Amino acid sequence: MFRTFALPLLVATVCILFARPLRADQTSPAAASPPAAPALEFTTDVMPVLSKAGCNLGTCHGNLNGKGGLKLSLRGQDPQYDYEMLVRAAKGRRINVAAPELSLFLRKASGGVAHGGGTRFSTDSPSYQLLTHWLRHGAPGPSAEAPRLIGLEVQPTQAIVADPDRALSVHVTATFSDGTSRDVTDTACYELSNLNATVDADGVVTRDKFGETTLIVRYLQEQRPVPIAFIESRPDFVWSDSQPFNEIDRHVFAKLKRLRINPSPLCEDTVFVRRAYLDAIGRIPTADEAKAFVSDPASDKRDRLIDRLIALPEFADYWALKWADVLRTEEKVLDTEGVEVFHGWIRDSIASGRPLDQFVRDLVTGTGSTFEQPAANYYRANRDPSTRGETTARLFLGTRLQCAKCHNHPFDRWTQDDYYQWSSLFSQIGYEIGENKRQDKLDKNEFAGDQTVLVAKMDEVRNPTTDRVASPKFLGGNRLDDQAMKDRLAALADWLTAPDNRLFVQSQTNFIWYQLMGLGLVDPIDDFRLTNPPSNPPLMDWLASHFADSGFDIRSLVGTIMKSRTYQLSAEPNATNVNDSTCYSRAYVRRLPAEVILDMQSDVLDSPARFLGYPTGIRAVQIPGVRSKQARKSAPEAGDRFLKTFGKPDRILACDCERSNETTLKQVFVLVGDGLNDRLASPTNRIARLALSKRSDAEVVEELYWTALSRPPTEAEQTAALQLIHGPNHNPATSWQDLLNAVVTNPSGNKRADALQDIAWALLNAKEFLFRK
């Protein structure tokens with residue numbers, strides 16, 4: 001009996017003795033054997049592998065509802081949750097610490113069993129070996145004592161790759177809270193902002209076509225953007241020596257030189273005068289205005305014209321339209337009277353030179369009767385805390401928060417906590433609604449009559465994930481203190497419009513830059529984030545500082561941009577900038593807004609369009625809302641149909657993206673007829689007067705060209721127009737009096753009028769007329 005138990009005990013004792021750690025002065029008899037690999041930490045070792053394999057992307061298990069029964073946090077933003085899902089959920093069936101190779105999640109990822117996401121890595125890959133090692137050591141979870149990622153460095157921080165080189169490698173280093181650093185180039189995740197290049201798993205970016213792209217490097221919770229430009233070699237490149245007009249040009253030209261791109265020359269006076277009128281006041285110059293500008297020999301005439309245009313009342317009309325679009329100035333929610341009041345207040349604010357920060361302050365603190373306190377209509381159109389928070393962030397911080405409503409933002413730093421803490425700032429807003437005499441009894445979103453927006457104690461916003469009350473907090477800022485909690489809207493206005501609020505100043509600057517240049521420095525203009533950097537960061541910084549220093553003077557910023565050489569460049573490309581679409585080396589051609597095109601037609605024909613519910617003669621850019629409520633009882637006029645067809649927004653979204661400047665087949669049919677023909681044939685319009693005038697055919701054609709295109713006809717255009725008027729059997733001896741007599745005796749046989757109508761129709765359909773260049 002003794003011998004039966006003594007032998008195992010002796011063996012166990014010997015094993016324990018040999019298992020004791022050696023003292024510092026002892027030498028291990030097995031010193032040549034490699035030490036056992038240390039246990040891995042879930043957050044810093046395992047999570048990067050899952051991210052690299054794409055397991056936690058929105059298209060896979062990071063989806064809101066997960067995939068195949070497994071749901072992970074989006075992009076690994078919640079390691080503890082992911083650990084629970086992998087190790088403990090589903091009764092632990094996904095892992096096998098005794099036989100790691102048989103773990104279900106490993107077999108699926110490596111292709112051992114069917115997997116909807118396909119094979120993510122092979123069994124001989126470092127990723128597979130690391131996960132196997134983690135399982136073999138008991139699959140430990142996240143540790144509170146483990147080092148945290150505190151920094152991510154990417155080299156190079158930006159790059160220009162000139163042909164014949166086509167590829168660039170990056171090196172990524174992670175820094176942790178214990179002071180250690182690690183090369184994570186192999187485990188970092190890489191994405192590109194566009195299709196100009198491709199990137200592989202090792203961070204090698206390869207050019208597909210010349211142009212700029214941004215590499216987004218992600219490791220755990222940190223992201224870094226790396227701007228990369230792939231350019232042609234151009235060994236003989238010589239700068240054109242274009243001289244800057246102001247600081248804008250210095251920043252633009254500095255980048256163009258680095259990219260070996262020459263800017264186009266200045267546009268001609270005939271192009272500039274048309275461009276300036278359209279961008280500043282939304283109309284084309286009259287023939288006399290255009291001729292006077294072109295014939296002016298003064299060297300400062302462009303600056304003087306800009307100063308005159310931004311001082312005109314039409315400036316307020318046109319720029320009020322831009323803000324009315326994004327502030328949702330439409331009839332169904334605001335009521336017709338509310339639209340009139342709100343639009344009038346927007347226009348008056350611009351006309352009086354109200355600083356933009358004060359304008360925004362009035363909006364976010366606007367309470368009271370929506371008919372008596374116009375700014376209160378901002379909250380009348382945004383009916384709940386989430387909508388108010390999303391709209392305010394989008395319009396005044398250039399930030400898209402919608403994704404963070406359900407999960408942490410996939411492309412930005414905002415978390416779900418940030419979303420609901422920001423929404424809490426708007427939770428104390430209520431409404432007093434009188435008798436709502438809506439026309440559509442089934443449409444609960446329609447409101448008729450006055451409303452009172454008031455600050456009232458409401459239910460606090462709760463985070464649906466935690467079911468806890470979200471404490472009010474500025475987006476990217478601090479929580480509200482006790483004093484600020486007493487008046488959340490005033491505290492919000494102070495923080496939001498502060499000159500040192502970088503997002504506010506830059507997003508408002510970018511909005512104005514976009515309206516003039518057709519492309520935001522940050523594009524889309526409401527998508528400011530680390531992974532969507534400005535195309536020219538130094539220019540963005542300078543413009544924002546200039547705007548803040550001017551006291552948020554809209555006219556000052558508009559004037560500064562329009563007086564730059566960059567704004568005044570021709571749209572004609574040269575050999576170096578033909579493929580440029582982001583650097584402002586030339587003007588970018590774009591279709592004009594619906595209201596502007598319709599007003600231009602009216603100006604050329606001197607025959608106004610008609611709109612249901614508005615007096616004859618009102619310009620399309622002056623219409624306060626979208627469409628009159630009378631449209632439910634009466635058919636819309638041709639002007640209303642034109643605006644709808646050419647992309648006037650319904651103002652359902654607080655976003656400039658709702659306006660469409662795209663061309664469609666339906667627009668072609670509208671330009672062929674539907675109101676235009678009637679105005680062309682009007683016996684009292686400009687065409688009829690020119691046809692009956694004593695001016696020669698050549699003079700009449702020239703007048704039409706100056707009126708429609710702000711320039712004289714070319715020789716070929718003049719010849720073709722005269723041939724159309726004269727006809728194939730024209731007798732040069734025919735006098736104006738003979739033509740007049742023919743009209744008097746047979747008005748329907750006025751060939752001159754018919755020909756001029758055809759010429760005018762051709763001009764109104766010309767690309768040069770419909771597009772801003």
Side-chain angles (χ1 to χ4, degrees), residues 239-253 255-256 261-310 318 512-519 521 536 539 557-593 596-597 600 661 705-714 717 763 766-773:
W239 177 250
S240 64
D241 198 30
S242 296
Q243 296 302 310
F245 289 173
N246 60 20
E247 196 67 21
I248 291 174
D249 303 325
R250 293 185 179 90
H251 290 296
V252 171
F253 291 174
K255 180 176 180 179
L256 293 179
I261 295 175
N262 271 316
S264 295
L266 286 174
C267 65
E268 297 178 354
D269 282 346
T270 52
V271 173
F272 175 80
V273 67
R274 184 181 182 85
R275 181 188 298 177
Y277 269 80
L278 286 171
D279 289 346
I281 63 175
R283 73 167 175 87
I284 52 176
T286 65
D288 289 341
E289 288 171 335
K291 291 176 184 177
F293 176 81
V294 172
S295 62
D296 186 351
S299 60
D300 64 342
K301 65 180 181 180
R302 294 193 178 191
D303 285 0
R304 287 190 290 106
L305 175 63
I306 293 167
D307 290 337
R308 184 172 68 82
L309 290 175
I310 62 179
Y318 188 44
I512 294 173
W513 175 272
Y514 164 77
Q515 300 298 334
L516 294 169
M517 304 298 291
L519 177 73
L521 286 165
N536 192 324
L539 175 58
L557 181 58
V558 170
T560 299
I561 295 172
M562 292 181 69
K563 291 177 182 178
S564 69
R565 189 186 191 104
T566 302
Y567 173 83
Q568 298 178 28
L569 293 175
S570 168
E572 296 296 327
N574 57 44
T576 64
N577 72 1
V578 65
N579 294 317
D580 169 40
S581 60
T582 58
C583 299
Y584 307 100
S585 62
R586 54 187 171 86
Y588 301 132
V589 177
R590 61 185 186 273
R591 210 209 72 195
L592 292 164
V596 174
I597 294 176
M600 288 164 54
N661 286 341
Y705 268 82
W706 275 106
T707 302
L709 302 182
S710 307
R711 65 168 177 83
T714 64
E717 291 168 337
L763 293 176
K767 290 182 180 179
E768 189 177 349
F769 183 83
L770 298 171
F771 288 78
R772 182 269 201 200
K773 66 173 186 176

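Keep in mind that what you see is a predicted model, and the values were worked out from it rather than measured. Numbering of residues begins at 1 and proceeds along the displayed sequence. Both backbone and side-chain heavy atoms feed into the values below; hydrogens, waters and symmetry mates do not.
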Identify, with sequence neighbours excluded, every residue that meets side-chain contact (heavy atoms from CB on, under 4.5 Å) alongside [X].
X	value
V589	A571, F771, K773
A292	none
P265	none
S295	none

Which distance, rounded to the nearest 0.5 Å, do you find between the [atom1] of [X] and the [atom2] of [Y]?
X	Y	atom1	atom2	result
L516	I512	CG	CD1	8.0 Å
N246	S564	CG	OG	5.5 Å
N661	R591	CG	CZ	5.0 Å
R711	Y705	CZ	OH	6.5 Å

Measure across [X] and [Y] and return the closest heavy-atom pair with its distance rounded to 0.1 Å.
X	Y	result
T707	A287	OG1-CB, 3.7 Å
A708	F769	O-CD1, 3.5 Å
S264	R586	OG-CB, 3.4 Å
V578	P573	CA-CB, 3.8 Å
Y318	G282	CD2-N, 3.4 Å
P263	W239	CD-CH2, 3.4 Å

Open item on the list: V273 and side-chain contact (heavy atoms from CB on, under 4.5 Å): which single residue from I284, L278, L305 fits?
Closed with: L305
Please, which pairs that meet salt bridge (Lys or Arg N to Asp or Glu O under 4.0 Å) have at least one residue in [range], sequence neighbours excluded?
range	answer
residues 560-575	D307-K563
residues 291-301	D269-K301, K291-E703, D296-R304, D300-R304
residues 273-287	D279-R590, D279-R772, R283-E289, R283-E314

Task: Residues forming a salt bridge (charged side-chain N to carboxylate O under 4.0 Å, His left out) with E247, sequence neighbours excluded - done: R250
Only counting residues at least two apart or in another chain, list the ones meeting ring pair (Phe, Tyr, Trp, His ring centres under 6.0 Å) with [X].
X	answer
F245	none
F272	F293
Y567	none

Does some side-chain heavy atom of [Y] sit less than 4.5 Å from a side-chain heavy atom of [X]?
X	Y	answer
I248	W513	yes
Y584	M517	yes
C583	L256	yes
K255	I261	no
L770	L592	no
Y514	L519	no

TODO: Please step through side-chain contact (heavy atoms from CB on, under 4.5 Å) for the pair N577 and N262, ending with a clear verdict.
DONE: CA-CA 7 Å; N577 72 1; N262 271 316; over 6 Å; no
Open item on the list: Under the criterion side-chain contact (heavy atoms from CB on, under 4.5 Å), I'd like the reasoning laid out for D580 against S585: C-alpha separation, chi angles, the key distance, then a yes or no.
Closed with: CA-CA 7 Å; D580 169 40; S585 62; 2.5 Å; yes
Task: Non-neighbouring partners of S581 that pass side chain to side chain donor-acceptor pair (under 3.5 Å), sequence neighbours left out - done: none
Task: Heavy atoms of other groups near E768 CD, more than 12 under 6.0 Å - done: yes
Open item on the list: Between Q568 and T566 (side chain of the first, backbone of the second, donor and acceptor by atom type, cut-off under 3.5 Å), is there such a pair?
Closed with: no
Open item on the list: Before you tell me yes or no, could you show the steps for T576 and N574 under side-chain hydrogen bond (donor to acceptor under 3.5 Å, both in side chains), namely the whole-Å CA-CA distance, both residues' side-chain angles and the distance that decides it to 0.1 Å?
Closed with: CA-CA 6 Å; T576 64; N574 57 44; 2.7 Å; yes
